[in-house]
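Have a look at the structure below before the remarks.
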Amino acid sequence: MFEDVPVWFCLPSLKSLPFLSVNFSGDESLSKLIERCPVLEDLVINKTRDDNVITFNINAPSLRSLSIDNSKRTRAYVGENHGFVINAPSSEKMDFKDTFSNFLVFEHMPEVTEANIQR
């Protein structure tokens with residue numbers, strides 16, 4: 001379980017961050033961690049079946065490559081909105097596989113030259 005990120009925590013040189021089967025404690029835990037990686041270029045998220053994140057807010061101005069796999073469960077009736085809000089203006093490559101979320105928001109991303117989106 002990935003808990004809350006302390007205020008003092010920072011990874012100023014981290015360029016690659018893979019989350020493979022990591023349970024997050026809530027919506028803010030991932031977004032706070034990404035905010036504290038100012039030069040992050042490569043982000044991989046393989047969502048688990050049991051995490052507590054409803055909306056993944058990914059705000060990473062330096063991000064060049066994003067890979068998300070949210071296919072561990074299938075969409076049936078979902079009482080809440082589950083999804084992703086992605087703001088990565090420097091992103092060039094995106095690989096997105098999602099069989100569960102009911103919304104996906106891409107903000108300004110003019111640099112994308114390669115995308116693979118499976119819903």
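If you read the sequence from its start, that first residue is 1, and numbering goes on from there. Keep in mind it's a predicted model, so treat the numbers as computed, not measured.
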> After noting the C-alpha distance and the side-chain angles of Asp98 and Ser71, does the key distance pass the side chain to side chain donor-acceptor pair (under 3.5 Å) rule?
Replying inline: CA-CA 5 Å; Asp98 189 347; Ser71 63; over 6 Å; no
> What residues form a side-chain contact (heavy atoms from CB on, under 4.5 Å) with Lys32, not counting sequence neighbours?
Replying inline: Asp4, Val5, Glu28, Arg36
> In chain order, what residues pass the side-chain contact (heavy atoms from CB on, under 4.5 Å) check against Ser67, with sequence neighbours excluded?
Replying inline: Val44, Asp95
Can you name the nearest heavy-atom pair linking [X] to [Y], along with the distance?
X	Y	result
Lys47	Phe84	CD-CZ, 4.2 Å
Ile58	Leu66	CD1-CD1, 4.4 Å
Pro89	Pro110	O-CD, 3.6 Å
Ser90	Pro61	OG-O, 2.8 Å
Leu17	Leu43	O-CD1, 3.4 Å

> Can you find a heavy atom in the side chain of Val39 that is under 4.5 Å from one in the side chain of Pro12?
Replying inline: no
>> With a 4.5 Å cut-off on side-chain heavy atoms, are Glu107 and Val105 touching?
In response: yes
> With hydrophobic residues grouped by side-chain heavy-atom distances under 4.5 Å, do Met109 and Val85 end up in a single group?
Replying inline: no
> Out of curiosity, does Ile86 fall in the hydrophobic cluster containing Ile117 (side-chain heavy atoms, cut-off under 4.5 Å, transitive links)?
Replying inline: yes
Under the 3.5 angstrom rule, does the side chain of [X] hit a backbone N or O of [Y] as a donor-acceptor pair?
X	Y	answer
Asp27	Val53	no
Ser62	Glu41	no
Ser91	Val112	no

> So Phe96 and Phe106, would you call those rings parallel, tilted or perpendicular, with 30° and 60° as cut-offs?
Replying inline: perpendicular
Pairwise distance [atom1]([X]) to [atom2]([Y]) - rounded to 0.5 angstrom:
X	Y	atom1	atom2	result
Leu63	Lys93	CG	NZ	12.0 Å
Gln118	Asn70	CD	CG	12.5 Å
Arg64	Asp42	CZ	CG	12.0 Å
Leu40	Leu33	CG	CG	8.5 Å
His82	Leu104	NE2	CG	15.0 Å

> side chain to side chain donor-acceptor pair (under 3.5 Å) with Ser31: which residues, sequence neighbours excluded?
Replying inline: none
> Taking it one step at a time, do Phe56 and Ile68 satisfy side-chain contact (heavy atoms from CB on, under 4.5 Å)?
Replying inline: CA-CA 11 Å; Phe56 275 82; Ile68 296 173; over 6 Å; no
